[in-house]
A.B. asks: 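Input: one structure, supplied below.
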Amino acid sequence: MPYRIIGLVLAVLGVVSAALGVASATVWRADSTVTATTQLPSDGPTLVTTGPGVLGLVDDRVNITASAPDGGDVVIAVGRADDVTGWVGDDPAARVTGMSDWSTLATRTTTGDTPKTAPDPSTSDMWVSSTSGTGKVTLPWAARPGQWSVLVAATGDDAQAPALSLTWDREVTTPWLWPLVGIGVVLVVVGLVLVSVGRRSTRNRRQEAVLAVARTSVPAPPAARAVGDEPAVSTTTTLTRRELREQALREAQNAPRRRSRQRGAKETEDAEAWAGPAAPSDEPETSTVAIPVDETAKGAADAWRRRWNVPARIPPIEQQPAAPPAPSAGAPGAAAPPAAPSATAPAAAPAPEQGGTPAAPGWDDIFGAGQGRRARK
């Protein structure tokens, strides 16, 4: 049982680990594009700048996007950090210092005594790259040696604070995918092996219990086997483990039946013991004699026996004792000479008390004269 429990726990942990690895590469996978935007009030300053190093926070390549809330004119200019700072001067401006999270740019606002609306920076030759437009404009930028900053200005009358967005493309990796999946597969395999070992040990214990029950049961003799019981397997034959288990199961199933038969046999013996020996019968025992049949002619003998419906064993004919010879008239007291045997009369068989053996009956004795001749033919 512990093997099975531990195996199931490991298998569940393996499935969870593999699921976490797959989720880290799909559901929890980071976006390959990072876009961070400023969050400025509409009455904020119309100038927005970035500090040194902000353009390369995520990648060397960045797309700079500026938009005017009221659809007015907007300018994007990229120059050295000192030139941008000198252009802004004491004017009120919002300075981007970094990222507060992956979607928001952190800003710091400065105030001044100059008018809110700044001059148009697109007319200056201080910038290495610039663009302007109405509503929304975008300027791509690739990193260069030095410190560079961005200047975004909303121009025109009644201009509002522009919104600045920086977009980077990044390479997203999934370092936990294959390690977690590999650990999960190993745990599942080990768990299944432990479950299989636990099931095998449980099955072996059950088989040992069945064998123990079969050893303790009293086997019945083959002659007392009831109808429907399967024949017992010879113990002299080498059996496999499966055959031994099946034999033990059959013996365990037939054990109650054998015990009931043994109780019945014991009750019968007790009844016979109480009844005493059987009374002798007055009827004489019938003895039979076998007709001698030549082994080589056994088939022929069986044929005529079936033809004439003669049983295999025939009761013997009672032998009549021989009559004593009559005394002669001329010589009283002298024995008469024995009569010559007749050709037609059969010779008398010697009496058992004289040491002879009773003769077997002939064909005429069994069937009569006429039937005997036909049987001999």
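Just so you know, these numbers use all the heavy atoms, side chains as well, and skip hydrogens, waters and symmetry mates.
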A.B. asks: Any ring pair (Phe, Tyr, Trp, His ring centres under 6.0 Å) involving residues 18-68? Give me the pairs, sequence neighbours left out, ordered by first then second residue.
C.D. replies: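 Not a single pair qualifies under ring pair (Phe, Tyr, Trp, His ring centres under 6.0 Å).
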
A.B. asks: Other residues, nucleotides and ligands only: do more than 12 of their heavy atoms fall within 6.0 Å of CD on Q147?
C.D. replies: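 Incorrect, the count does not exceed 12.
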
A.B. asks: Side-chain donor-acceptor contacts of residues 167-184 below 3.5 Å, not counting sequence neighbours, with atom names and distances?
C.D. replies:
unit_1, atom_1, unit_2, atom_2, d
T167, OG1, T35, OG1, 3.3
W168, NE1, L55, O, 2.9
R170, NE, D31, O, 2.8
R170, NH2, D31, O, 3.1

A.B. asks: For S196, enumerate each residue passing the side-chain hydrogen bond (donor to acceptor under 3.5 Å, both in side chains) test, keeping only those at least two apart in sequence or located in another chain.
C.D. replies: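 Checked S196 against side-chain hydrogen bond (donor to acceptor under 3.5 Å, both in side chains); zero matches.
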
A.B. asks: Checking Y3 against V195 for the side chain to side chain contact (heavy atoms under 4.5 Å, CB included) test, could you report, in this order, the C-alpha distance in whole Å, the side-chain angles of both residues, the deciding distance, and whether it holds?
C.D. replies: CA-CA 6 Å; Y3 286 104; V195 169; over 6 Å; no

A.B. asks: Can you tell me how far the CD1 atom of I5 sits from the CG atom of L10, to the nearest 0.5 Å?
C.D. replies: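 If we round to the nearest 0.5 Å, I5:CD1 and L10:CG are 12.0 Å apart.
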
A.B. asks: For a side chain to side chain contact (heavy atoms under 4.5 Å, CB included) check, start with the C-alpha distance between V128 and W148, then their side-chain angles and the critical distance, and finish with the verdict.
C.D. replies: CA-CA 10 Å; V128 295; W148 306 92; 3.6 Å; yes

A.B. asks: May I ask you to decide if V150's main-chain N or O and T50's side chain share a donor-acceptor pair within less than 3.5 Å?
C.D. replies: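 Side chain of T50 to backbone of V150, a donor-acceptor pair under 3.5 Å: yes, one is there.
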
A.B. asks: Checking T138 side chain against T65 main chain: does a donor-acceptor pair fall under 3.5 Å?
C.D. replies: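 Answer holds: no.
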
A.B. asks: Assess whether side chain to side chain contact (heavy atoms under 4.5 Å, CB included) is satisfied between T49 and V96, documenting all intermediate values.
C.D. replies: CA-CA 6 Å; T49 62; V96 178; over 6 Å; no

A.B. asks: Check the hydrophobic clustering (I, L, V, M, F, W, Y; side-chain heavy atoms under 4.5 Å; chains of links allowed) and say if V84 and W141 are grouped together.
C.D. replies: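 No, V84 does not connect to W141 through the hydrophobic network.
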
A.B. asks: Start with the C-alpha distance between M99 and L57, add both sets of side-chain angles, then the distance that settles side chain to side chain contact (heavy atoms under 4.5 Å, CB included), and finish with yes or no.
C.D. replies: CA-CA 8 Å; M99 297 176 62; L57 287 176; 3.6 Å; yes

A.B. asks: Among all residues two or more places apart in sequence or in another chain, which pass the side-chain hydrogen bond (donor to acceptor under 3.5 Å, both in side chains) test with T37?
C.D. replies: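 Testing T37 for side-chain hydrogen bond (donor to acceptor under 3.5 Å, both in side chains), a comparison that skips the adjacent residues, returns S165.
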
A.B. asks: Sequence neighbours left out, what pairs pass side chain to side chain donor-acceptor pair (under 3.5 Å) with at least one residue falling in residues 100-109?
C.D. replies: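 Qualifying pairs: D101-S103, D101-T104.
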
A.B. asks: Does one hydrophobic cluster hold both L192 and L187, with members joined at side-chain heavy-atom distances below 4.5 Å?
C.D. replies: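 Each belongs to a different hydrophobic cluster.
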
A.B. asks: Grouping I, L, V, M, F, W and Y whenever their side-chain heavy atoms are under 4.5 Å apart, do V137 and W127 come out in a common cluster?
C.D. replies: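 As far as the 4.5 Å side-chain criterion goes, W127 and V137 are not connected within one cluster.
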
A.B. asks: Between N254 and R257, is there a side-chain heavy-atom distance shorter than 4.5 Å?
C.D. replies: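 A side-chain contact under 4.5 Å exists here.
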
A.B. asks: Treating S124 as the side-chain partner and P121 as the backbone partner, does any N or O pair qualify as donor plus acceptor under 3.5 Å?
C.D. replies: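 Answer holds: no.
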
A.B. asks: Would you compute the distance between atom CG of L139 and atom OG of S130 and round it to the nearest 0.5 angstrom?
C.D. replies: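 If I round to the nearest 0.5 Å, the distance is 7.5 Å.
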
A.B. asks: Are L20 and V22 in one and the same hydrophobic cluster, where Ile, Leu, Val, Met, Phe, Trp and Tyr link if side-chain heavy atoms are under 4.5 Å apart?
C.D. replies: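 In one cluster: no.
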
A.B. asks: Can you see which heavy atom on P92 is nearest to which on P45, and at what distance?
C.D. replies: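 For P92 and P45, the tightest heavy-atom pair comes out as O-CB, 3.5 Å.
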
A.B. asks: Do S17 side-chain atoms and L13 backbone N/O form a donor-acceptor pair below 3.5 Å?
C.D. replies: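 Checking the backbone N and O of L13 against the side chain of S17, no donor-acceptor pair under 3.5 Å is found.
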
A.B. asks: Count I, L, V, M, F, W, Y as connected when their side-chain heavy atoms are under 4.5 Å apart, and connections chain through other members. Are V88 and I64 then in the same cluster?
C.D. replies: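 No, separate clusters.
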
A.B. asks: Can you tell which of T38, V54, N63 makes a side chain to side chain contact (heavy atoms under 4.5 Å, CB included) with L166?
C.D. replies: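 That would be V54.
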
A.B. asks: I need the W87 CH2 to S149 OG distance, nearest 0.5 Å.
C.D. replies: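 It is 15.5 Å, given to the nearest 0.5 Å.
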
A.B. asks: Distance-only criterion, 3.5 Å: show the donor-acceptor pairs between side-chain atoms of residues 73-82 and protein atoms not counting sequence neighbours.
C.D. replies:
unit_1, atom_1, unit_2, atom_2, d
D73, OD1, T134, OG1, 3.0

